[in-house]
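One structure is given below, encoded as structure tokens.
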Amino acid sequence: AEMQRRAVKEGDDAKKFDLSDREGRLTKEILIEGKGPTIPKGKLALVNYVAKLESGRIFSRSDDDEPLEFVVGNGNVIRGLEKGILTMQRGERSVLNVAPELAYGEEGKFPDIPAGATLTFDTELLGWKDPPLFDVTLSIALLSVGILAIGVWMIGSASNS
């Protein structure tokens, strides 16, 4: 099911969306519009991000030359970040505000993230690709089919001569 983006303020220039649901509070503000479809579940996302606490302190970030890569929809990152990214298009840059219930909860994550922290992710979705496992399996399958086809062709030509 496509997550509905609800504009927080009226008007065509509204760039703020409330993505909250029963699981928790999540808002998104688009800084730079992306193009094309939103990222499908199961793809390997390439993401640049800066993660901050409410105090403004950065607790995590991607390296400039090394984006974060993870498969979306598999629970590889906190739920709020994943849900937000699933609403993004290629090239989009958005700020996601993630409530504790979609992040590290009332426990927090020692030592960086205090209990009950709301987190901010300045996130840029550079693009996505098929995850490597799928690529490898597909290549092996195609290779096997190819070898099989060559085998059949060779047996066929041998019996004709």
Side-chain angles (χ1 to χ4, degrees), residues 1-139 142:
E2 181 80 14
M3 190 180 292
Q4 288 303 305
R5 303 198 297 188
R6 297 188 298 278
V8 172
K9 57 181 195 277
E10 294 306 307
D12 291 344
D13 63 344
K15 300 280 191 229
K16 289 190 176 177
F17 299 95
D18 185 355
L19 306 175
S20 304
D21 60 16
R22 287 187 307 277
E23 287 191 348
R25 287 171 295 123
L26 174 64
T27 61
K28 167 174 136 170
E29 180 176 7
I30 298 176
L31 304 180
I32 298 169
E33 295 273 355
K35 290 188 171 49
T38 55
I39 183 170
K41 268 189 180 164
K43 294 291 183 187
L44 187 72
L46 307 173
V47 176
N48 274 337
Y49 76 97
V50 177
K52 295 180 183 171
L53 301 173
E54 285 170 289
S55 65
R57 189 168 76 77
I58 295 173
F59 68 86
S60 178
R61 69 182 321 147
S62 54
D63 296 329
D64 292 332
D65 53 349
E66 188 90 3
L68 174 69
E69 295 189 7
F70 66 94
V71 175
V72 286
N74 284 7
N76 294 321
V77 294
I78 60 163
R79 290 206 317 280
L81 180 58
E82 186 162 75
K83 290 171 102 154
I85 285 174
L86 281 167
T87 68
M88 293 175 72
Q89 299 167 291
R90 195 181 303 271
E92 180 180 318
R93 182 170 165 213
S94 287
V95 174
L96 301 170
N97 280 303
V98 183
E101 59 270 21
L102 291 175
Y104 295 100
E106 293 312 315
E107 306 80 59
K109 188 179 180 209
F110 187 80
D112 300 318
I113 298 158
T118 294
L119 309 177
T120 301
F121 291 88
D122 184 334
T123 310
E124 182 185 10
L125 180 59
L126 302 172
W128 60 81
K129 55 190 182 186
D130 290 325
L133 183 67
F134 174 75
D135 284 354
V136 169
T137 340
L138 186 65
S139 308
L142 289 174

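Scope of the values below: all heavy atoms of this structure, side chains included, with no hydrogens, waters or symmetry mates. The structure displayed is predicted, hence computed values, not measured ones.
- Side-chain contact between Q89 and K35 is absent, with no heavy atoms from C-beta onward closer than 4.5 Å.
- Atom CD1 in I78 sits 7.5 Å away from atom CD1 in I113 (nearest 0.5 Å).
- Here the CG-CG distance, from L68 to N76, works out to 9.5 Å after rounding to the nearest 0.5 Å.
- Not counting sequence neighbours, the partners of D63 by the side-chain contact (heavy atoms from CB on, under 4.5 Å) test are D65, E66.
- In plain terms, the two heavy atoms of T87 and T38 that are nearest each other are O-CG2, 3.4 Å.
- For the pair I30/F17, a side-chain contact is recorded, criterion being any heavy-atom separation below 4.5 Å from C-beta on.
- Every residue was checked against the side-chain hydrogen bond (donor to acceptor under 3.5 Å, both in side chains) condition with R90, not counting sequence neighbours, and none meets it.
- Heavy-atom minimum distance, P100 versus G116: CG-O, 3.5 Å.
- For the atom pair NZ (K129) and CD (E69), the distance works out to 4.5 Å, reported to the nearest 0.5 Å.
- Here the OG1-CE distance, from T123 to M88, works out to 5.5 Å after rounding to the nearest 0.5 Å.
- Although no hydrogens or angles enter the test, the distance criterion places a donor-acceptor pair under 3.5 Å between the side chain of S20 and the main chain of L26.
- Sequence neighbours left out, the pairs with a member in residues 114-127 that pass salt bridge (charged side-chain N to carboxylate O under 4.0 Å, His left out) are R93-D122.
- Evaluation of the side-chain hydrogen bond (donor to acceptor under 3.5 Å, both in side chains) test over residues 110-120, restricted to residues two or more places apart or in two chains, returns N97-T120.
- For the pair K83 (side chain) and L102 (backbone), a donor-acceptor distance under 3.5 Å is absent.
- Taking all atoms of both residues into account, the shortest heavy-atom contact from A103 to V98 is CB-CG1, 4.0 Å.
- Nearest heavy-atom pair across S62 and P67 is CB-CA, 4.4 Å.
- Here NZ of K43 is found 13.0 Å from CG of L86. Values are rounded to the nearest 0.5 Å.
- Among residues two or more places apart in sequence or in another chain, the side-chain contact (heavy atoms from CB on, under 4.5 Å) test is passed with A99 by R25, E101.
- E92 contributes no side-chain N or O that, together with a main-chain N or O of L125, makes up a donor-acceptor pair within less than 3.5 Å.
- Between L53 and L119 the shortest side-chain heavy-atom distance falls below 4.5 Å.
- With rounding to the nearest 0.5 Å, the separation of CD in E82 from CD1 in I39 is 9.5 Å.
- In this view, S60 and Y49 satisfy the side-chain hydrogen bond (donor to acceptor under 3.5 Å, both in side chains) rule, not counting sequence neighbours.
- Using a 4.5 Å heavy-atom threshold, the side chains of W128 and V72 count as separate.
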